[in-house]
Amino acid sequence: MPSSTDASINQAAAQAQLKKVKKQKVLLMGKSGSGKSSMRSIIFSNYLARDTRRLGATIDIDLSHVKFLGNLTLNLWDCGGQEAFMENYLSQQRAHVFSNVGVLIYVFDIESRDVERDLATYVNIISALGQYSREAKVFVLIHKMDLIQSTNREAIFNQRVAVVRRKTAEAVAILHKHQPSPSSLSESEGGIDLDMHLFATSIWDQSLYKAWASIIHDLVPNLGVIETQLASLGVAIDADEILLFERTSFLVVSRWSSHEGDRNPYGDRFERMSNILKSWKHTCSKFTGTPRNAEQFTEFEYKMGPTFSMFVTKFTANTYILVAMPPGEARFNSAKLNVAAARPWFKFLDGPPVSAGPPGQIPAGLGGYSNEMGGMAAEA
Amino acid sequence: MALSVLPSPDNFVGVALVINRSRDGPRFVFHYPPHVAAAAAQSLGSQADHGDDMDDDDDLAPRRNSRMASFEGSSSHAEHGADLGNWNHDDHLVTDSGSQIVPWERVAGFPTKDLENILTPARAYHKRLFQVSLDPLYCVSYPIYVPENGVWRKKKREQQRTSGVKDDDGSAQVETDGAAKSGDKGASDADRLDRRDAAKGAEEAEDKKSNMTMFNLVFFLHPNKHEVRDLVDVMFVHIIKKINKAYKYCQQRSDFVWKESKKILALKDKGREDKRKMSLLWDEILATSSLAASMQDIYEAVSQNKIAALQLETAEGMVTHSVQIPVPFHVSDLPPDPEGDQSGLWMTTANSFIPDDDIEEPEYLDKNFALLLLADEKKIVAELQGDPDGATVSMVEFVRHCKPTLSFHQVGQQSSNVLTPAQVRKYAEHFIYWRRAIAIPPLHARDMYIVNPNCDMRKLQQASARWARQFPLLPALPNFLAELSVAPRPYKLHCPSKAHRHVYMQMLAWLMRGGWVTQLCTFAYVVVWPEIIYEVEYALEAEELTSAKRAQGVAREPSPSDTDTTLASPGSSISALADTATAGFGFLSLLDDASNMSSSVATLRPNTSSDRDTPIASPLRRPGDSLSRGTSHDSSVSAASLSTPAEQAAEKARLERIADKAARDLAERAMAHARKAAPVRTAHPSVNSARHLVGISPRIILDAKKATGKESRYLSAIGQRLRDRAAAAPGAASKDAWEGRVAETWPLFWKYFNGRSALERIALQEEMKRKDVWNLLTAMSEFFICVRHW
Amino acid sequence: MIQGIFYARFFPRQGTRIVAQSPPGCIVPVPGVDKPCLFDFGVLQEYIIPRQAFRNRYITVNEPSGKYSVLGFPVSINDSKYDRNEFIFNFGLVVEAAAVRDGGTDGHDAGPGGDDNDQVPYERVVRRLAATFAEMEKQTGFLSQDQSARPVDDSDGSGGSDSETQSPSKARAAAAAAVRNDHLHNPVGSYRRRPIESLLEIIKEDLNNYGECMIPVDDANTLNMKLFPHHATPPIVRGWHVPVAKVKFADVVDPTWDLTLQRVVAHVDGVADVRRIAQRADVSLDLAKLALRHLLYYDTVLLLDIFLFGACYAPRPGIHDFVANVGGMVDECANYVCAGGAVAVSAKSTGADDGGGGAEGSSGQGASGNGAGEEVLMTTFCVGKTVAEWLKLHMDAGLDVLRFVDVRRLVQFGVIKGCLYRVHKHVVSKQYLAALATGQARPVAGGDPLQRYTDGCHTFDQIMTEQGLTDAEAMEKLKRLSASAGDLGVIYK
Amino acid sequence: MENRQRLEQIDSGTMPDATAQQQPAKGAPRLLLMGQRRSGKSSISSVVFHKLPPNETLFIESTARIQKDSLSSFMDVQIWDFPGQIEIFENSNVTFDIDAIFGEIGALIWVIDAQDDYTESVARLHHTILNLQRSYPQINIEVFIHKVDGLSDDYKFDIQRNITIQIQDELSDQGIDNAPVNFHLTSIYDHSIFEAFSKVIQKLIPRLGQLEAMLTNLCRTCRFEKAYLFDVNTKIYIATDNTPEDMSSYEICCDFVDVIIDFTEVYGSWPRTQQWRDRLEGEPWDQPLEDQVACDRAEAGMILSDSQRPIMLREVDRFLALVAIMKEGSYDKMPQINMNVDVVVKGLEEFFRITKQKNIVEPTIMKGPGRPLQGGR
């Protein structure tokens with residue numbers, strides 16, 4: 001294979017700039033019943049959407065230390081949204097909750113009855129955040145979109161976005177008043193505005209994966225390395241598209257598309273693939289009777305005659321890889337071989353070599369989820 | 001003194017460290033022992049609570065609850081299937097739902113994930129008792145928070161201080177106050193901190209940014225229902241507070257607690273991923289972290305009620321600290337439960353009976369106590385030389401010198417003053433603290449020793465075996481004890497010959513150590529026999545009369561009636577005078593001791609006033625005063641309101657009437673007094689059964705030292721007796737001198753006649769020859785009654 | 001004393017809130033009450049409605065100042081009919097904290113010790129409240145249907161109803177539930193129900209004033225609660241113990257009592273030992289012991305040893321209280337021990353007119369009691385002196401003790417009051433002991449029944465009662481038992 | 001037109017009793033959906049035939065008039081969705097041409113809401129059956145006990161037993177004993193609805209026996225555990241081998257088909273550029289893509305982590321796909337298996353060409369259905 005040589009060069013270059021394990025504090029906030037725990041359990045605990053009905057309310061803060069890939073740990077603070085708790089976060093625990101925050105995920109319930117109140121709380125949260133963690137990124141999810149007629153979704157969402165942006169601005173203004181150091185503030189203000197992203201989500205479709213993929217995207221260490229290496233792999237096996245998934249959540253960690261691949265009309269295909277594969281995984285677990293969050297399938301190949309071929313395969317300990325490519329038996333087989341050959345370059349995705357468990361054991365990622373959502377009612 | 005509840009593996013089930021951090025939140029760092037048993041909650045009907053047994057409709061409650069529990073728990077518990085049943089709690093399990101059950105993530109039946117939340121209380125608990133009970137488990141701790149400004153580390157000067165944990169306590173207080181005052185500027189401080197750290201390596205910065213906000217060393221207790229308070233109390237005061245302060249000290253100086261926690265958590269994460277057996281992981285952690293090791297020590301030692309010696313390897317060097325629950329090595333009275341945990345303890349009242357006003361005086365203790373080493377002298381010396389330091393030499397010296405027969409005071413002297421009293425005291429305390437020795441009243445061959453009523457016969461087997469090895473050629477332990485116990489006799493009488501004296505004292509010491517014997521002490525109260533009482537009463541009456549007459553004499557010419565009286569009983573009047581004299585003397589002497597003994601006299605004055613007896617100031621005046629006051633008051637009135645002659649006449653008449661009446665009364669009383677049998681002093685008041693004494697019952701003076709008023713007169717009267725004896729003694733100068741001494745020592749000794757000071761100690765206290773003391777006591781023995789116990 | 005009582009609930013929207021409290025404002029402030037709350041609710045709420053792992057069990061926590069403890073039993077009932085699938089509530093009490101030495105570092109005075117702030121009795125109350133209301137909720141939705149139940153500090157009533165409002169996703173599940181348990185949605189409105197607030201009020205008052213309460217909650221349910229003091233488990237009763245009644249059983253005993261208990265009680269006379277009582281009452285020894293243990297628990301009897309003139313008693317430190325006549329002990333003793341109606345005895349006075357002494361005693365230094373009589377008697381007991389010898393001693397001194405006092409009663413009084421203790425007689429066989437130590441000898445079954453007593457752990461009382469021998473006989477047998485002369489030793493302790 | 005003629009002939013050949021009282025054929029076999037209002041008829045049809053995600057059925061407003069869907073697949077089936085309130089037999093002024101409705105009906109599907117009080121529904125069902133039995137005794141009556149998701153198993157089966165007994169009793173009271181009434185527990189939130197439909201449809205397939213025989217044979221030769229012949233669009237399986245039914249294997253095959261459809265849509269449903277094609281057909285390959293592929297039809301395979309029971313799919317024609325669960329290890333023998341499968345596929349084509357004179361010119365590649373599929377499930 002001509003490819004492997006130049007790839008190995010990239011690899012060497014890449015290895016040089018690898019970073020150590022990273023930890024991130026992620027606040028998951030929003031009014032009670034807005035669906036925080038549900039989305040969390042779907043993304044990280046392999047819940048089925050309908051299983052989340054069985055969840056109880058989150059008392060105070062439910063902390064989980066989620067290992068994502070080998071080298072990223074998300075300290076996920078799922079904050080119960082009851083008023084009593086909110087008051088508490090903003091007063092007693094203010095410093096404790098809002099300092100060292102990497103990402104704030106604020107969830108709005110689209111069908112909430114008392115929008116004004118929600119926004120008021122939101123503003124308080126934002127200003128508290130601004131006070132203790134200026135560099136934090138903010139993701140606002142307008143959730144439960146499935147409860148809106150699909151026809152009106154667009155409109156309602158946009159209108160909501162407008163309101164939230166306005167309120168955010170107000171919050172920043174409040175910060176202005178309370179913080180006498182304009183220099184640092186201006187940038188922090190900018191920070192808040194710039195680093196705010198809004199998504200319309202529903203646990204019933206891939207919109208959730210879109211939001212979360214973009215949330216974790218910036219958090220993943222060594223992203224540059226991953227991308228360059230994916231690219232070189234893609235070129236080597238002349239694929240049309242390559243997606244890299246985290247093994248448990250099936251969130252897209254990184255992707256690469258050829259020119260042709262970019263022409264693909266389906267803009268939502270990435271989160272859609274996440275969704276498809278995740279639910280496929282569930283099907284398998286139901287079939288095999290093995291745990292949901294255990295690894296399910298290793299190999300999935302599909303050749304659609306002369307139209308295209310694709311395969312999804314277990315890649316590194318913590319990742320799956322999807323390759324979509326032109327048809328052709330020989331091409332297909334060599335691609336598979338090359339992908340296998342490329343595994344070692346991506347070993348770093350499994351984090352510091354020490355932490356890679358011996359084969360045959362459930363690898364690192366799993367540990368992180370097991371202890372959260374203790375009362376997993378899914379099997380009922 | 002004796003603690004009712006002590007920690008044991010049954011009621012002290014584990015210790016755990018929980019910390020809280022602003023980035024990754026509460027973390028359950030470490031716990032020991034590895035497996036804290038899940039104590040079944042009472043709601044599952046395990047507890048045998050008398051109340052519940054009795055009304056059965058309440059038993060339904062528990063069952064209901066348990067059902068609810070299983071119902072709600074079904075989701076979480078059903079998930080780990082039957083495999084939990086036969087789980088060794090060492091390997092990892094994977095549940096049907098695929099989640100991994102990590103052996104160290106369930107403690108006492110709770111997920112650590114939940115525990116770490118409930119065990120990181122709000123700042124309001126900073127340096128206070130935090131106690132939450134999760135039926136039936138009690139979690140008790142003393143949470144320590146970072147100062148409001150978010151900086152553990154102390155300012156430079158404080159870092160230089162190498163002072164012990166104790167004074168750290170004080171400074172800690174200061175620091176928190178300071179933080180409290182500077183509420184907001186705390187933030188800016190924190191920022192400064194951040195910037196400073198930004199300079200340091202990324203590692204450093206990372207840690208600082210996610211700094212530990214509090215740590216909490218939690219003790220899991222499982223006390224009996226009725227012992228909760230005692231156990232918590234004991235643990236909190238002696239262990240929990242102290243250890244947490246020690247940790248705080250290290251945390252402030254070298255970020256110790258966090259650094260160690262970080263290490264441990266890392267190991268646990270790795271262990272979780274590699275699915276390491278818990279046993280292996282724990283060994284590793286204990287080996288690598290001195291914090292974890294210290295927790296092990298704490299548990300192992302405290303649950304066995306030993307001394308926990310912490311050795312914390314902080315960045316700034318080893319910090320050592322030791323905590324313990326002081327064990328009672330003696331009890332003052334028989335424990336209620338003969339098979340209880342106190343059985344076998346040596347019994348003595350030596351400590352509990354220390355007169356309150358002497359308790360502070362070191363001299364008192366120095367004279368009354370000797371050090372009894374619990375281990376062999378050589379062994380201890382070896383131990384000392386094991387890790388030598390500055391004091392080692394003099395301590396060895398001390399060990400060599402101190403004998404159970406020598407009071408600290410004497411040790412000081414014997415060591416030809418190599419050791420200052422302060423040193424002696426210090427070292428003694430040291431050995432007692434480390435449970436290498438106990439303080440006992442010095443052993444003496446003339447004292448009586450009886451089998452300790454509290455001794456634990458169950459230990460007799462082993463003891464007699466050891467005894468046999470120690471003292472091969474001597475009577476076997478059972479027999480010796482039997483011999484001792486038949487009847488109380490001075491110890492020396494058990495000793496066949498002077499040659500044996502030494503070894504017999506060793507045997508005695510041995511028995512003391514084992515709590516097999518205890519000293520039989522003698523406690524005395526002064527008893528006032530009717531004769532004395534009568535005499536004093538009589539004298540008082542006489543005085544009253546005389547002074548009354550003197551008062552009347554002022555008013556008008558003496559009436560025949562008084563002459564009668566004076567004629568009637570010359571002896572009595574004389575005696576009265578004599579009495580008053582002695583009484584006076586009695587007082588003075590008493591005052592003397594009182595003043596140089598203590599300040600208690602002052603406090604005594606008030607309650608004398610309640611007495612209808614004469615106040616200390618002027619015993620003779622008062623009755624007269626009172627009387628004259630009675631009259632003169634009237635006269636003063638008259639003097640004030642003299643107006644018309646008629647009135648004056650009337651007034652005069654009235655006065656005369658009154659005067660007459662007074663005179664008549666006086667006369668009558670005088671008659672009565674005269675009619676009374678004059679007190680007769682017999683050589684032995686105790687057996688005087690004269691008619692006039694019938695109906696008077698002897699009285700006991702509870703504390704001769706504090707005696708006042710009439711009681712003091714009794715005492716002096718007794719003193720007088722003794723002097724009389726001296727006088728009465730026919731010829732024989734020596735005897736005379738002797739009786740004299742008895743009389744003199746009486747006022748000196750009576751302070752010991754309070755039922756609390758053992759007469760055996762007088763010799764030590766007064767630094768007199770004990771033989772001498774005993775003779776004196778016997779001489780005056782008629783005047784006190786004795787009680788004998790340990 | 002119950003300082004406060006409250007009903008807390010978890011509302012899916014507002015979270016943990018107090019629904020009812022008594023006295024008003026004791027947990028969370030209410031308008032019109034300016035009295036400060038007992039503690040900061042914000043700090044403790046996580047222990048009042050804890051996370052799931054800690055629910056459905058008895059939980060107590062002390063508030064930071066250390067003055068009070070909160071006792072609660074958070075209950076969560078899971079059912080898809082509830083919003084968020086569970087209904088969580090807690091009926092809690094606030095009582096004085098068990099006083100711990102310098103509990104808070106700011107040295108608040110540690111509350112009075114003793115059982116006045118003993119929390120144990122309240123545990124059952126809390127459990128009962130939890131159990132009762134949980135059951136009522138399950139049967140009739142008593143709590144969840146209570147429309148008046150909104151947080152006391154809830155300005156707009158949005159929260160009150162929200163336990164019932166069901167998100168669309170729930171609708172069908174709830175319908176399903178409805179089908180399953182049809183009694184679910186029966187009209188709770190039809191109940192005559194007492195507002196919980198006043199319920200709590202009554203509970204608190206009754207328990208504080210009468211130590212029990214019996215309160216109808218609605219037509220169907222009544223709360224019966226009583227505070228039972230909790231005592232330590234009583235010591236083991238031995239066959240040779242002599243129980244003495246502390247109360248007049250004749251007055252208290254009633255037919256509802258346990259039969260064995262009744263029988264046993266009938267024979268408790270302060271003289272008979274347990275074994276004999278068992279025989280007389282014709283109940284098995286173990287049952288008798290059990291019964292007596294029960295009486296011990298309720299502190300209605302106490303255990304003494306068998307009184308014998310041959311036995312020996314000695315003073316213990318408690319005697320000083322006697323001498324000092326603490327609590328009029330001496331007079332009490334006089335009344336207890338005096339024989340043949342004579343008033344008080346004194347060392348010399350021939351009974352009858354001791355009034356003078358008495359008067360003076362009480363008027364003068366109160367301590368010195370009336371006459372040194374009993375003191376002298378008591379204090380003259382001593383180790384190694386049997387009662388008989390003691391008696392002789394006084395007789396010789398010319399005091400006809402027997403005329404004035406019932407010696408047994410005197411001794412027992414001394415023992416009960418802790419002035420005297422029984423010096424027990426233990427017999428030890430050197431050889432047997434050595435044998436045991438080396439593990440050679442076991443108490444041989446067929447062997448001499450007495451041998452097993454010779455390890456020093458057994459008192460003569462035991463030997464005598466169990467073997468039915470007199471002291472002398474026992475001694476005889478034992479002597480014969482041992483081979484070598486010097487082997488046997490008798491230890492008095 | 002003449003197709004139908006043929007079909008009819010064949011039918012008459014195959015099931016004479018059926019054709020006996022059959023009116024001149026008017027259109028494809030017909031499925032009637034009936035039941036109380038809000039019992040979920042519309043949801044069912046929209047989920048099964050319109051691929052509506054189950055959770056979105058909340059928005060479906062109840063049917064006012066008869067809705068007719070036609071399933072155009074290997075054989076055309078009509079689905080008539082009756083509004084719940086309409087009483088066909090009750091109302092005296094008969095606006096309905098009963099014959100028109102029940103003439104060539106394949107089966108009557110009666111939907112009962114299990115989470116609601118179903119007494120009335122049962123009563124009406126009973127009534128309907130009586131009416132039908134008189135004139136159209138051959139009509140299969142399929143009772144869907146619906147909305148059983150979220151109900152405990154015991155409870156489900158209780159309901160089923162109740163209803164069954166009620167109906168049977170009533171009927172036998174009326175002297176009707178072996179009426180063709182079948183009961184299914186269904187829910188749109190899982191595969192039960194599809195399985196139920198499969199059962200219903202299968203009854204309508206002529207020569208089902210032969211199909212099953214072929215599949216059974218295939219399973220034996222290739223050591224397959226289970227093989228299904230799927231109607232790709234509806235995920236209804238029209239035949240399977242004779243090994244016992246097994247929900248779980250049906251489900252996984254269903255989802256497998258789903259995944260394939262999704263993949264197809266995302267990567268296979270848009271035209272590639274010419275230069276793309278040119279590049280691929282140039283060096284080093286030098287042959288048209290069509291020749292580069294091993295198999296001209298869609299084929300897929302999947303291996304589980306435990307490497308047991310791989311699953312393979314092979315397109316049969318534009319409606320049908322063969323999905324099989326293999327035994328462990330047999331994935332290595334893929335070559336032979338493929339050959340066998342090829343043979344069977346050919347056979348199936350034959351079968352259908354015969355059964356419905358649709359001469360397939362050349363096998364056309366499976367095309368993703370025109371309307372975009374929601375990925376949601």
Side-chain angles (χ1 to χ4, degrees), chain B residues 41 43 50-51 61 64-65 68-69 71-72 110-111 114 118 122 124-125 127-129 131-135 225-226 229 232-233 236-237 332-334 337 349 450-451 453 455 457-458 460-461 464-465 476 478-479 481-482 485-488 525 527 695 697-700 702 755 785 787-789, chain C residues 43 47 51 53-54 56-62 64 66 76 78 98 100-101 103-105 120 124 127-128 131 134-135 228 230 232 235 297 315-317 319-320 323-324 346-347 349 353 356-357 367-368 371-372 375 379 382-384 421 426 428 430 433 436-437 456-457 489-493:
Chain B
S43 57
H50 285 252
R64 272 198 222 100
N65 300 338
M68 289 191 314
F71 173 29
E72 60 88 20
F110 297 104
D114 295 307
I118 207 167
Y125 285 96
K127 298 186 80 193
R128 286 162 178 261
L129 168 70
Q131 174 186 347
V132 56
S133 83
L134 310 167
D135 178 41
K225 274 193 179 306
H226 61 281
R229 192 183 318 149
V232 170
D233 186 346
F236 183 71
V237 172
S332 57
D333 198 356
L334 281 167
D337 173 11
T349 54
I450 58 168
V451 170
C455 72
M457 294 302 257
R458 287 164 297 187
L460 191 55
Q461 280 181 30
S464 46
N479 304 41
L481 288 177
S485 73
V486 180
Y525 295 95
V527 58
S697 51
R699 287 181 50 169
I700 291 177
L702 288 179
I785 58 168
V787 192
R788 300 188 134 184
H789 58 71
Chain C
V43 172
Y47 303 94
R51 46 193 61 228
F54 304 111
N56 297 318
R57 69 166 60 226
Y58 178 64
I59 291 190
T60 71
V61 62
N62 68 319
S76 78
N78 289 44
V100 166
R101 267 176 273 158
T105 41
V120 178
R124 304 175 81 244
R127 287 182 181 279
R128 170 59 65 87
E135 199 52 31
F228 289 96
H230 187 282
Y297 179 83
R316 51 197 277 195
I319 193 156
H320 297 290
V323 174
S346 91
S349 65
D353 59 347
S368 58
E375 294 91 327
T379 53
C382 181
V383 188
Y421 72 97
H426 301 255
V428 191
K430 240 187 307 177
L433 211 57
L436 283 178
C457 300
V490 176
I491 299 176
Y492 299 85
K493 75 171 264 246

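The sequence lines fix the lettering, A, B, ..., with proteins before strands; numbering per chain opens at 1.
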Engineer: Donor-acceptor check, side chain of C/Lys493 to backbone of B/Cys455, threshold 3.5 angstrom: yes or no?
Structural biologist: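 It does hold such a pair.
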Engineer: Report the residues that fulfil side-chain contact (heavy atoms from CB on, under 4.5 Å) with B/Ala122, sequence neighbours left out, ordered by chain and then residue number.
Structural biologist: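 Result, side-chain contact (heavy atoms from CB on, under 4.5 Å) vs B/Ala122: A/Gln92, C/Val43.
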Engineer: What closest approach, in Å, do B/Ser332 and C/Pro317 show between heavy atoms, and which atom pair accounts for it?
Structural biologist: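 Smallest heavy-atom distance, with atoms named: O-CG, 3.2 Å.
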Engineer: Measuring only between side-chain heavy atoms, which start at C-beta, is C/Tyr47 closer than 4.5 Å to B/Ile118?
Structural biologist: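 When only atoms from C-beta onward are counted, B/Ile118 and C/Tyr47 do touch, with a gap below 4.5 Å.
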Engineer: Mind listing the closest non-hydrogen atom pair of B/Pro488 and C/Cys382 along with its distance?
Structural biologist: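 Residues B/Pro488 and C/Cys382, closest heavy atoms: CG-SG, 4.4 Å.
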Engineer: Rounded to the nearest 0.5 Å, how far apart are CZ of C/Arg127 and CG of B/Asp135?
Structural biologist: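 Rounded to the nearest 0.5 Å, the CZ-CG separation comes to 4.5 Å.
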Engineer: List for me each residue that meets side-chain contact (heavy atoms from CB on, under 4.5 Å) alongside B/Asn479, sequence neighbours excluded, and say none if there are none.
Structural biologist: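 B/Asn479: side-chain contact (heavy atoms from CB on, under 4.5 Å) contacts with B/Ala476, C/Lys430.
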Engineer: For residues B/Pro478 and C/Leu433, report the shortest heavy-atom separation together with the two atoms involved.
Structural biologist: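 That would be CG-CD2, 3.8 Å.
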Engineer: Select one option (side chain, backbone, both, neither) describing which atoms of B/Leu134 are under 4.5 Å from chain C's heavy atoms.
Structural biologist: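 Both backbone and side chain.
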Engineer: Which bit of B/Ser464 is near chain C, if near means a heavy-atom gap under 4.5 Å: side chain, backbone, both or neither?
Structural biologist: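 For B/Ser464, the side chain is the part near chain C, not the backbone.
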Engineer: Could you tell me whether the side chain of C/Asn62 and the main chain of B/Gln131 form a donor-acceptor pair under 3.5 Å?
Structural biologist: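 Pair found, side chain donor or acceptor close to backbone of B/Gln131.
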Engineer: With chain C as the partner, which of B/Asp114, B/Val787, B/Leu481, B/Ile450 has the greatest number of non-hydrogen pairs under 4.5 Å?
Structural biologist: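 Between B/Asp114, B/Val787, B/Leu481, B/Ile450, the count favours B/Asp114.
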